[in-house]
Amino acid sequence: MSTTQRPFRADHVGSLLRPKRLKDARKDYQNNEIDAQTLKNIEDEEIERIIDKQLEIGLHSITDGEFRRSWWHFDFLENLDGVEGYTSERGLTFEGVETRNHNVKVVDKVAFNPNHPHFEHFKFLYDKVNGRATAKVSIPSPNQLFHPNILNEEIYPDINDFAHDVAKAYHDSSLKFYELGARYIQLDDVYWANLTSGTQNTRGRDRSESEKEIARQLAYKVINEAISDLPKDLLITTHICRGNYQSTWAISGGYEPIAPYLFKEQLDGFFLEYDDKRSGDFEPLRFFPKDRSFAVLGLFTSKNGELEDKDTILKRVKEAQNYIDLEQICLSPQCGFASTEEGNKLTEEEQWKKLAYIVEIANEVFGTSK
């Protein structure tokens, strides 16, 4: 893995607020008032608009805002071979809010799907960015398939066989994205946060400490197998999330219990949530790899539109340098702005102002946002 490649000094997690026009179109499609092609045309137009907007405010990693997705994770997972989406009895529980009822389950051996719709989605993004910046892929981490109530033990009596197949499916998917032009893939991961010792509002029973220890060991090994022997010019990062649904959260607690394991992932970058006290302090960064990776500090919240105090941000960057060098630091929002199509509780104008503000501060701290 090359240490010459890194996330951008001003980066972002990827999802963006869905505009009203797109939300209305999706509702009309669900009500059979427009056809699939009409919906796609509207998606295309809105994605082109936000590509230009991201470039305008100075971002160098460009996403499609996840505009073709309803969920940040389910849409990708349920299109892998052997994984199926279904309407669950209840949704996921967040801070006083419950999501729509949906989940995925393993119904057969998990494998790469060469016809996965996300490949076509990325090709559109890549073509429209047209070399003006880096087209970024944001997909759920392989670890998302290790949440409770997903694995079918009749199909996989040995979880290690399951882990191998999941890793292989992701490895082959990454190669396909690369073939289509991708040089930046981000793996979004809530699973690690479930292995902390903090407060959790998650589906399934709580794990014992011994079960968490086994899970922590497996989690980084799955990632490392998935990314093993991928092209050296493919930048691969992860975003460690604590839940993001309509400006609420699911998990609190610092990185201390997972840091010795998490940072064994052989990745180019780690997007880490540090927007409030719920995220803990910087001390777990003492485990951060000093020779091969970058920490993207999510010091800016995506849950509201208020701009953070600049002096406070600069002070926190300085605090982080007690554990990692400035050279290893990048900046971003703590999460996406719309992990689901409902989106967080701020306006599109506030979203763009916040992203532009991150670019501004990155230029001040690093002399560049790139």
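Bear in mind that the values here come from a model prediction, so they are computed numbers and not experimental data. Numbering of residues begins at 1 and proceeds along the displayed sequence.
Of all heavy-atom pairs spanning Tyr191 and Ala215, the tightest one is OH-CB, 3.4 Å. Residues Tyr170 and Leu77 share a closest heavy-atom pair of OH-CD2, 3.4 Å. Here the shortest heavy-atom pairing between Gly343 and Ala338 reads CA-CB, 3.7 Å. Of all heavy-atom pairs spanning Leu234 and Ala182, the tightest one is CD1-O, 3.7 Å. Nearest heavy-atom pair across Thr301 and Gln334 is CA-OE1, 3.3 Å.
Between His118 and Arg69, the closest side-chain pair of non-hydrogen atoms falls below 4.5 Å. Contact check for Glu225 versus Pro142: no side-chain heavy atoms found under the 4.5 Å cut-off. A heavy-atom distance below 4.5 Å is not found between the side chains of Asp188 and Ile139. A 4.5 Å side-chain heavy-atom check between Val106 and Tyr156 finds at least one atom pair inside the cut-off. The side-chain heavy atoms of Phe337 and Leu346, taken from C-beta on, include a pair separated by under 4.5 Å. Between His116 and Ser173 there is no side-chain heavy-atom pair separated by less than 4.5 Å. Inter-residue side-chain proximity for Asp75 and Glu66 is flagged as unmet; no heavy-atom pair is nearer than 4.5 Å. Within the 4.5 Å cutoff, no side-chain heavy atoms of Asp81 are placed close to those of Val110.
Among residues two or more places apart in sequence or in another chain, the side-chain contact (heavy atoms from CB on, under 4.5 Å) test is passed with Thr87 by Asn101. Looking at residues two or more places apart in sequence or on another chain, you find no salt bridge (charged side-chain N to carboxylate O under 4.0 Å, His left out) involving Asp28. Legend: residues meeting side-chain contact (heavy atoms from CB on, under 4.5 Å) with Thr312, ordered by chain and number and at least two apart, are Asp309, Arg316. Listed by chain and number, the residues in a side-chain contact (heavy atoms from CB on, under 4.5 Å) with His171 are Leu175, Leu230 (sequence neighbours excluded). By the salt bridge (charged side-chain N to carboxylate O under 4.0 Å, His left out) test, Lys109 pairs with no residue at all, sequence neighbours left out. Applying the salt bridge (charged side-chain N to carboxylate O under 4.0 Å, His left out) test to Asp108 and every residue at least two apart in sequence or in another chain returns nothing. Residues forming a salt bridge (charged side-chain N to carboxylate O under 4.0 Å, His left out) with Glu364 (at least two apart in sequence, or on another chain): Lys310. Taking Glu349 as the reference, Thr347, Lys353 meet the side-chain contact (heavy atoms from CB on, under 4.5 Å) condition, with sequence neighbours excluded.
A donor and an acceptor atom, one from each side chain of Ser279 and Glu273, are nowhere located under 3.5 Å apart. Donor-acceptor pairing under 3.5 Å is lacking for the side chains of Ser88 and Asn103. Between the side chains of Gln144 and Trp72, no donor-acceptor pair of N or O atoms lies under 3.5 Å. Between the side chains of Glu78 and His102, at least one donor N or O sits under 3.5 Å from an acceptor N or O.
Residue pairs satisfying the salt bridge (Lys or Arg N to Asp or Glu O under 4.0 Å) criterion with at least one member in residues 141-168, sequence neighbours excluded, are listed as follows: Lys168-Asp172. A side-chain hydrogen bond (donor to acceptor under 3.5 Å, both in side chains) check over residues 36-47, counting only residues at least two apart or in different chains, returns the pairs Arg21-Glu45, Arg21-Glu46, Arg26-Glu43, Asp35-Thr38, Gln37-Asn41, Lys40-Asp44, Glu43-Arg68, Asp44-Arg68, Glu46-Arg49.
Chaining together hydrophobic side chains whose heavy atoms lie under 4.5 Å apart places Phe271 alongside Phe8, Val13, Tyr184, Leu235, Val296. By the 4.5 Å side-chain criterion applied to Ile, Leu, Val, Met, Phe, Trp and Tyr, Leu39 is assigned to a cluster that also includes Tyr29, Ile34.
Annotation: cation-pi pair Arg100/Trp71 present, NZ/CZ under 6.0 Å from the ring centroid and within 45° of its normal. The side-chain tip of Arg9 points at the ring of Phe366 from less than 6.0 angstrom away and within 45° of straight on. A cation-pi arrangement is present between Arg183 and Tyr178 under the rule of less than 6.0 angstrom and at most 45 degrees off the ring axis. A cation-pi arrangement is found for Lys105 relative to Tyr86, the charged atom lying closer than 6.0 Å to the ring centre and inside a 45° cone about the ring normal.
In summary, Glu48 and Lys53 do not engage in a salt bridge, as defined by a charged side-chain N under 4.0 Å from a carboxylate O. Under a 4.0 Å N-O distance rule, the pair Glu120/Lys123 does not qualify as a salt bridge. Of the charged side-chain nitrogens involved, none lies within less than 4.0 Å of a carboxylate oxygen, so that Arg242 and Asp276 do not count as a salt-bridged pair. At a threshold of 4.0 Å, the pair Glu306-Lys354 does not count as salt-bridged, since none of the basic side-chain nitrogens sits closer than that to a carboxylate oxygen. At a threshold of 4.0 Å, the pair Arg292-Asp268 does not count as salt-bridged, since none of the basic side-chain nitrogens sits closer than that to a carboxylate oxygen.
Phe288 and Tyr323 have their aromatic ring centers separated by at least 6.0 angstrom.
In this structure a side-chain-to-backbone donor-acceptor pair under 3.5 Å is present from Asp281 to Glu283.
Residue Lys277 qualifies as open at atom NZ: its count of foreign heavy atoms under 6.0 Å is 12 or below. Summarising the local packing, OH of Tyr126 is surrounded by 12 or fewer heavy atoms from other residues, nucleotides or ligands at distances under 6.0 Å. Within a 6.0 Å sphere centred on CG of Asp229, other residues, nucleotides and ligands contribute 12 heavy atoms or fewer.
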